[in-house]
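Working notes, beginning with the structure itself.
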Amino acid sequence: MVWFVAVWVLMSYFLQTARTPDRLELSYTDFLSHLEEDRVAEITIREDRITGTFRDPVSPEPESEVETPAEPREHTRFVTVIPSFGDPDLLGSLREKGVTVRAESSASPWYVALLVSFLPWVLLIGIFVYMSRKARERMGGMMGGQNPFSFGKSKARLYERSESKTTFEDVAGLANAKRELTEVVEFLKEPKRFRSLGAELPNGILLVGPPGTGKTLMARAVAGEAGVPFLSISGSEFIEMFVGVGASRVRDMFQKAKKEAPSIVFIDEVDSIGRVRGTGLGGGHDEREQTLNQILAEMDGFEPHESVVVLAATNRPDVLDPALIRPGRFDRRVAVEMPQRDARREILEIHTRGVPLAEGVDLDALAARTVGFSGADLKNLANEASLLAARKKKEVVDAEDFAEAVDKIRMGVEREDLLNEEERRIVAYHEAGHALVARLLPGTDPVEKVTIVPRGRSLGLTEQVPEEDRHNLKRSYLQNRLAVLLGGRVAELLVFEELTSGAENDLENATELARRMICRWGMSEKLGAVSYRQGEHHPFLGRELAQAKDFSEHTARLIDEEVHRTVQEMEDKAEDLLRSQRDKLDLLARALLEQESLSRDELDRLLGEGG
Ligand code: ADP
Ligand code: MG
Ligand code: ZN
């Protein structure tokens with residue numbers, strides 16, 4: 001506010017000097033002649049400027065005939081400039097004519113000088129404060145009064161007691177995690193009661209689970225349930241340009257948390273700072289290490305009376321530095337699992353709370369269809385369905401919208417580019433091959449949908465939905481799965497006696513599956529019950545390079561042979577099936593070419609229950 005007033009004062013000063021009406025500008029000669037003729041009453045000299053008043057109003061002599069002002073005005077005041085070499089005679093003649101002479105110091109008034117020198121700074125600071133406040137608003141920070149100059153200060157958002165309104169109600173499923181965290185909630189609510197019984201709380205709890213399963217949500221819910229402040233920061237935010245900033249930020253956040261205790265500190269994506277140290281890859285090591293060390297130091301430095309619980313979340317517990325998961329630090333793990341069918345239904349219920357649903361929407365059936373969807377996927381599903389309904393200007397969201405949303409999320413957006421007739425025929429037989437093998441083999445997951453509408457990267461899709469979520473996979477089930485995966489390629493080969501590139505993904509999946517069966521699950525007689533682990537896909541190279549395969553070249557060759565044999569066997573099986581049921585394959589392919597998509601019921605009608 002201060003700078004605003006300053007601007008106003010300065011402006012009025014300038015305006016006053018610059019725009020003085022009714023003041024005649026005289027040349028020095030004219031001024032002298034006015035003086036000679038005794039028309040000047042008084043003057044004020046300031047540096048080389050003379051301003052003054054006439055004894056009687058004077059009208060200016062027209063300079064040229066053309067530019068005569070419409071209304072020649074009379075002037076009582078004038079202004080002129082003394083030549084730079086001065087006029088030594090001036091004072092004498094002034095005195096002679098009895099003109100009152102006033103002289104002003106050339107220095108501007110003190111307040112103007114002050115303003116002129118400070119104004120740019122005041123303005124700059126004003127703009128800076130304004131912008132940083134804007135930025136903070138945008139970040140949704142609740143910190144209040146944070147100094148824009150403190151780069152190292154924690155960016156953590158502090159949620160007021162009332163601010164984290166998330167509760168366990170908002171988290172579907174995850175019964176185990178809730179049970180474990182309820183203890184923490186109780187403790188945070190009444191730390192004194194627990195302490196008096198000698199109970200100690202683990203300082204660090206690590207939420208472990210795949211992306212989108214609700215880890216962040218869970219941490220919020222713990223804070224909401226306990227009604228304590230929640231300071232959160234994402235690990236990736238620590239990785240800053242300036243070395244040392246991450247560490248000082250950690251220090252600040254913990255300090256704040258201790259001040260607010262009981263409270264919760266939440267470090268999201270902790271793996272991005274807590275990765276195993278010293279792998280020599282990935283860059284930014286010093287910074288990460290300092291940040292990590294600071295976290296460790298803070299966690300070790302808790303006094304017994306400080307009820308600060310540190311929650312951290314990661315989807316890569318395997319890459320965490322051992323120092324981070326040592327006793328006294330994040331020694332407690334809470335698994336946040338992918339939602340099972342019931343949980344998926346509940347998640348859908350939560351995220352369709354405010355959505356007007358049509359009669360036919362069966363969330364349970366939808367939950368069954370969405371095997372492998374995480375909580376975040378399901379939330380997205382509900383949102384996509386609403387968007388689709390809105391786009392079609394419907395009043396309610398119906399089953400069709402949900403079905404379309406599932407396809408969209410699973411396979412991407414429908415593609416516009418149309419396939420030519422031959423390509424369509426190939427895709428139709430390919431998908432018919434998958435579907436038919438799936439229906440003919442016992443113990444496979446029922447086929448929910450077959451389609452030859454191209455979407456995303458795939459030209460068609462056969463969707464199988466397990467009746468139950470499977471936790472333990474039988475060998476026979478996996479072998480059949482291989483046969484189904486290869487069914488598409490086999491059908492193409494059978495009908496067109498030609499191979500296409502369309503089976504790339506199928507082959508990749510089949511090979512990966514066969515390799516797992518052999519190397520991890522001991523499902524090959526030749527290799528026996530030995531686990532042959534190879535470096536896994538680590539997004540952060542470091543670990544993988546250090547961990548070479550721990551078996552001999554001889555074994556490596558055996559594995560390759562076994563993988564090949566397993567895949568080959570199942571391909572033969574699929575081929576036998578399709579060859580013997582060629583009529584059904586043709587039937588299916590024709591139906592697909594006509595209808596593009598076939599549902600489970602339509603398949604039943606077409607092939608009969610057993611086919
Ligand atoms: P993560 O941190 O595990 O990657 P998030 O907590 O960010 O996942 O989850 C993303 C979103 O998905 C959440 O905002 C929430 O709306 C939804 N979600 C995930 N899991 C659940 C769940 N179990 N119950 C309700 N909503 C969930
Ligand atoms: Mg998260
Ligand atoms: Zn395929």
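Each ligand, and each atom within it, is numbered from 1 in the order the structure gives.
Distances shorter than 4.0 angstrom do not occur between any heavy atom of Glu346 and any atom of ligand 1. Ligand 1 lies nowhere less than 4.0 angstrom from a heavy atom belonging to Leu207. Under a 4.0 Å heavy-atom criterion, Gly212 is in contact with ligand 1. Residue-ligand proximity: Pro339 is placed with every non-hydrogen atom at 4.0 Å or more from ligand 1.
Contacts of Lys215 with ligand 1, taken as heavy-atom pairs under 4.0 Å, involve both backbone and side chain. When non-hydrogen atoms are compared, ligand 1 lies under 4.0 Å from neither the backbone nor the side chain of Met218. Using a 4.0 Å cut-off between heavy atoms, Ile347 contacts ligand 1 through its side chain alone, with no backbone atom that close. Residue Val336 does not touch ligand 1, judged by heavy-atom distances below 4.0 Å.
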### Task
Go through the steps to decide whether His430 and Asp506 satisfy the test side-chain contact (heavy atoms from CB on, under 4.5 Å), and finish with yes or no.
CA-CA 11 Å; His430 179 107; Asp506 294 338; 3.0 Å; yes
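By the 4.0 Å N-to-carboxylate-O rule, Arg590 lies too far from Asp586 to be salt-bridged with it. Between Lys408 and Asp401, none of the side-chain N atoms (NZ, or NE/NH1/NH2) sits under 4.0 Å from a carboxylate O, so this pair counts as no salt bridge. With respect to Lys178 and Glu225, no salt bridge is recorded, no charged nitrogen being found less than 4.0 Å from a carboxylate O. Taking the charged nitrogens against the carboxylate oxygens, Asp560 and Arg515 do have a contact shorter than 4.0 Å, which makes a salt bridge. Taking a cutoff of 4.0 Å between a charged side-chain nitrogen and a carboxylate oxygen, Asp572 and Arg579 do not qualify as a salt bridge. For Arg424 and Glu596, the salt-bridge test passes: some basic side-chain N is under 4.0 Å from an acidic carboxylate O. The existence of a salt bridge linking Arg565 and Glu562 is confirmed by a sub-4.0 Å separation between a basic side-chain nitrogen and an acidic carboxylate oxygen. Under 4.0 Å is where a charged nitrogen must lie from a carboxylate oxygen, and between Glu569 and Lys573 no such pair does. The existence of a salt bridge linking Arg220 and Asp170 is excluded, since no basic side-chain nitrogen approaches an acidic carboxylate oxygen closer than 4.0 Å. At a threshold of 4.0 Å, the pair Asp377-Arg344 does not count as salt-bridged, since none of the basic side-chain nitrogens sits closer than that to a carboxylate oxygen.
In terms of N/O distances under 3.5 Å, ligand 1 is approached by Thr216. Looking at Leu174 next to ligand 1, no N or O pair under 3.5 Å apart turns up.
Within ligand 1, the atoms closer than 4.0 Å to a non-hydrogen atom of Lys379 are 14 (O), 16 (O), numbered from 1 in the order shown. Short contacts between ligand 1 and Val171, defined as distances under 4.0 Å to a heavy atom of the residue, involve ligand atoms 23 (N), 24 (N). The atoms of ligand 1 that sit less than 4.0 Å from any heavy atom of Ala376 are 10 (C), 12 (O), 19 (C). Atoms of ligand 1 found under 4.0 Å from any heavy atom of Pro211 (numbered from 1 in listed order, with element): 4 (O).
Closest approach of Glu346 to Gly173, counting heavy atoms only: OE1-N, 3.4 Å.
Metal site remark for the Zn ion (ligand 3): Asp506 contributes an N, O or S atom at a distance under 2.8 Å.
Nearest protein neighbour of atom 25 (C) of ligand 1, counting heavy atoms only, is Asp170 O, 3.3 Å. Considering only non-hydrogen protein atoms, atom 6 (O) of ligand 1 sits nearest to Leu217 N, 2.9 Å. Of all protein heavy atoms, the one lying nearest to atom 26 (N) of ligand 1 is His351 NE2, 3.0 Å.
Considering Ala343, Ala221, Ala172, Gly214 only, the shortest heavy-atom separation from atom 23 (N) of ligand 1 involves Ala172.
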